There are 2 protein chains.
Amino acid sequence: MATPSIKEVAHRAGVSVGTVSNVLNRPSIVAPATRKRVQDSIKALGFVRNEAARHLRAGRSRTVGLVVLDVANPFFTDLAEGAEALAYENDTVVMVCNSKTDPVREGHHLDQLEQQRVYGVLITPFDSADPQLRALVARGTPVVLVDRAADRGMCSVSVDDQLGGRLAGTHLIESGHRRIAFIGGPLSMQQVADRQAGITTVVEAADHVHLQIFEVDVMGVQHGRAVGEQIAALPRATRPTAAFCANDLLALGFLQAMAATRLRVPQDMAIVGYDDIGFAAAAAVPLSSVRQPAGLLGRTAMELLQEEVEAGDRHRHRQVIFQPDLMVRQSSDLTRR
Amino acid sequence: MATPSIKEVAHRAGVSVGTVSNVLNRPSIVAPATRKRVQDSIKALGFVRNEAARHLRAGRSRTVGLVVLDVANPFFTDLAEGAEALAYENDTVVMVCNSKTDPVREGHHLDQLEQQRVYGVLITPFDSADPQLRALVARGTPVVLVDRAADRGMCSVSVDDQLGGRLAGTHLIESGHRRIAFIGGPLSMQQVADRQAGITTVVEAADHVHLQIFEVDVMGVQHGRAVGEQIAALPRATRPTAAFCANDLLALGFLQAMAATRLRVPQDMAIVGYDDIGFAAAAAVPLSSVRQPAGLLGRTAMELLQEEVEAGDRHRHRQVIFQPDLMVRQSSDLTRR
DNA sequence: GGGCTGAATTGAATCGTCTAAATCGTCGCG
DNA sequence: CGCGACGATTTAGACGATTCAATTCAGCCC
């Protein structure tokens, strides 16, 4: 009943456990006849390798932890898929953990992953200066920051968020908007702060353009809707005419609020989102969005991780930065459709 | 540098490894002074438990595998969240695996999970009669089918998909539609077949109503759009006036195709989706959809799994079935808005 | 003061796999 | 015929945490 071990396989095949192990790991050094006998025995008993034992022996697991801010956000599932594709090629397994933008949950996942002695961790951190994260690295777990630039202490893969903010800002200003809302949060998150800094740069460089910041706790559809309703309630004369949302979920929620309050998009309110998730193009009004190469981010992060583990001692941390693109669609373009 | 083991902790605290283990697992039986000394030693050395060793000794892992058909589908992320919430309460970890509706990938994940000797597996199977899945169960891994009714051989948590199909069909027929399209696939998947069977039942019971089946390989946005374009190209006189899509991603893609081909929804084409994911209500035209209690499915599945593991030998498999609800929105209702 | 009790702690075996070193045969060659 | 060499296989520890039987020891009673 209980799963058989290598020992039982060996007994049934009339060989020692060492030989069975050799059949599993270096089949070429085992005599063909013996190998066959062992393989038959494995099949007959339904033997399945015990990863825990291998892991204990090897001292290192074949699982990579991926901690993301929000699994429900397609941006992160795309990212995960990119990472997993490469992991698959290297006989590694990806374990996706959802921190939900909550440092406590994030910490819990890091604890679990460290206890599992994972091969490494890819993480979109809530706060990259988190002492727990530093400690994890200090104790020797390879960590790659994702969607977030690191200082020299770690590898990272990110997208130039300031540029993303500038792209969105420039586009809106050139479209004639003078009162612009920025929606995102928490502002303590570097990605959000950078996107805001980017748009702030171009707003300040332009004349008579005003930027208003709306901070949210979590970047989900609900919160976008709430801010949208709040903004819709402002008097027309002072209400922003454009909104730059720090991710697409916020933007979709914001868009819903516009529909509910009968504000027309883009005539009364232009919207630009961030991430360019698949649903953005399929929204009520197709959503303009700053595109990030999610899959590539994930894949590259995994590459850096493997590089780090293989290079071992004298590995030099690298920070890879990608460029975002602005996808202009109807939600910010009066001339479309 | 390398993570210290219990042995080093013991040495530094001047006690035996057994005592350290006791501090970790049964602190109450250790004398307060000793306990303190050990805890200090743990902190000073940065000791982290090795899960692999615990697992090997215990013979059972604290990880639950969850294999879903499509992580990018919010229905499954909601489901995962429900499962994880309960897992968290029981100091268990959920490992989400994405089969992408591909039996090969599914098999690969099952292999990995079995090698890890997981606590149990929750799976939305491609095919519940899959011999590999049966074998997994036969070798002793507890498995709960999710979103899919099982025969007596396993526990399962599902939703009455035939009822879901009947709800959608009845609604469309009562709205006056006589030519209805069903879009979904592969039809070999029980969920899809049941939804189709449901709508077929009510179509056949009605007079002069015709149902046309469009099978797809994968239920994603792309495929929905493709079928939508195909249907839009049909001559008006024979073209269906309503579409029932076997999930919301298909429906969203289908909706995009309608927009692209200038067919009005719901005037020219009514649409009903399935799952009622968050994006459904936020679509270009808010989407009618058959709602499934995703989070509850996940949570209940985890409950059944824990029940099965705890009951041990004389556990009786249970099949829990939930009822779906039809959420009528603008995409299938001319009277709205 | 001998014997007993019970709390605190120790020591050793165990889980399943891997690997380096040791052993066993067999064969070829001098 | 004996020795060396080599290929195939076995043996014997790790790896780190857990557990339980065994041990130690202080305290207490008679």
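If you're wondering where the values come from, they're calculated on a predicted model, not measured in any experiment. In what follows, every chain begins at residue 1, and chains take the letters A, B, ... in the order their sequences are listed.
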* Encode nucleotides 16-24 of chain D as B, S and - characters from 5' to 3', where the letter depends on protein heavy atoms closer than 4.0 Å: B to the base, S only to sugar-phosphate, - to neither. => BBBB-----
* Sequence neighbours excluded, which residues qualify as salt bridge (charged side-chain N to carboxylate O under 4.0 Å, His left out) partners of A:D151? ->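 Salt bridge (charged side-chain N to carboxylate O under 4.0 Å, His left out) check on A:D151 returns A:R134.
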Distance check needed: [N] [atom2] versus [X] [atom1], whole Å only.
X     : N      : atom1 : atom2 : value
A:H55 : C:dC15 : NE2   : C1'   : 15 Å
A:I29 : D:dC6  : CD1   : P     : 16 Å
A:H11 : C:dG16 : NE2   : C1'   : 17 Å
B:K36 : C:dA8  : NZ    : P     : 18 Å

* Asked: Tell me, which pairs form a ring pair (Phe, Tyr, Trp, His ring centres under 6.0 Å) where one or both residues lie in residues 105-138 of chain A, sequence neighbours left out?
  ->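 Applying ring pair (Phe, Tyr, Trp, His ring centres under 6.0 Å) to every pair that reaches into residues 105-138 of chain A, excluding sequence neighbours, yields A:H108-B:Y88.
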* Pairs in or reaching into residues 109-130 of chain B: which pass salt bridge (charged side-chain N to carboxylate O under 4.0 Å, His left out), with residues at least two apart or in two chains? ->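 Qualifying pairs, neighbours excluded: B:E114-B:R139.
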* Asked: Which residue pairs pass the salt bridge (charged side-chain N to carboxylate O under 4.0 Å, His left out) test when at least one of the two sits in residues 9-24 of chain A, sequence neighbours left out?
  ->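 Pairs touching residues 9-24 of chain A that pass the test: none.
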* To do: Go through the steps for A:N73 and A:V68 under the test side-chain contact (heavy atoms from CB on, under 4.5 Å), then give the verdict.
  => CA-CA 10 Å; A:N73 184 338; A:V68 299; over 6 Å; no
* Residues that B:Q191 engages under side-chain contact (heavy atoms from CB on, under 4.5 Å), provided they are two or more places apart ->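 Partners of B:Q191 under the side-chain contact (heavy atoms from CB on, under 4.5 Å) test: B:L69, B:T124, B:D147, B:R148, B:D161, B:M189, B:R195.
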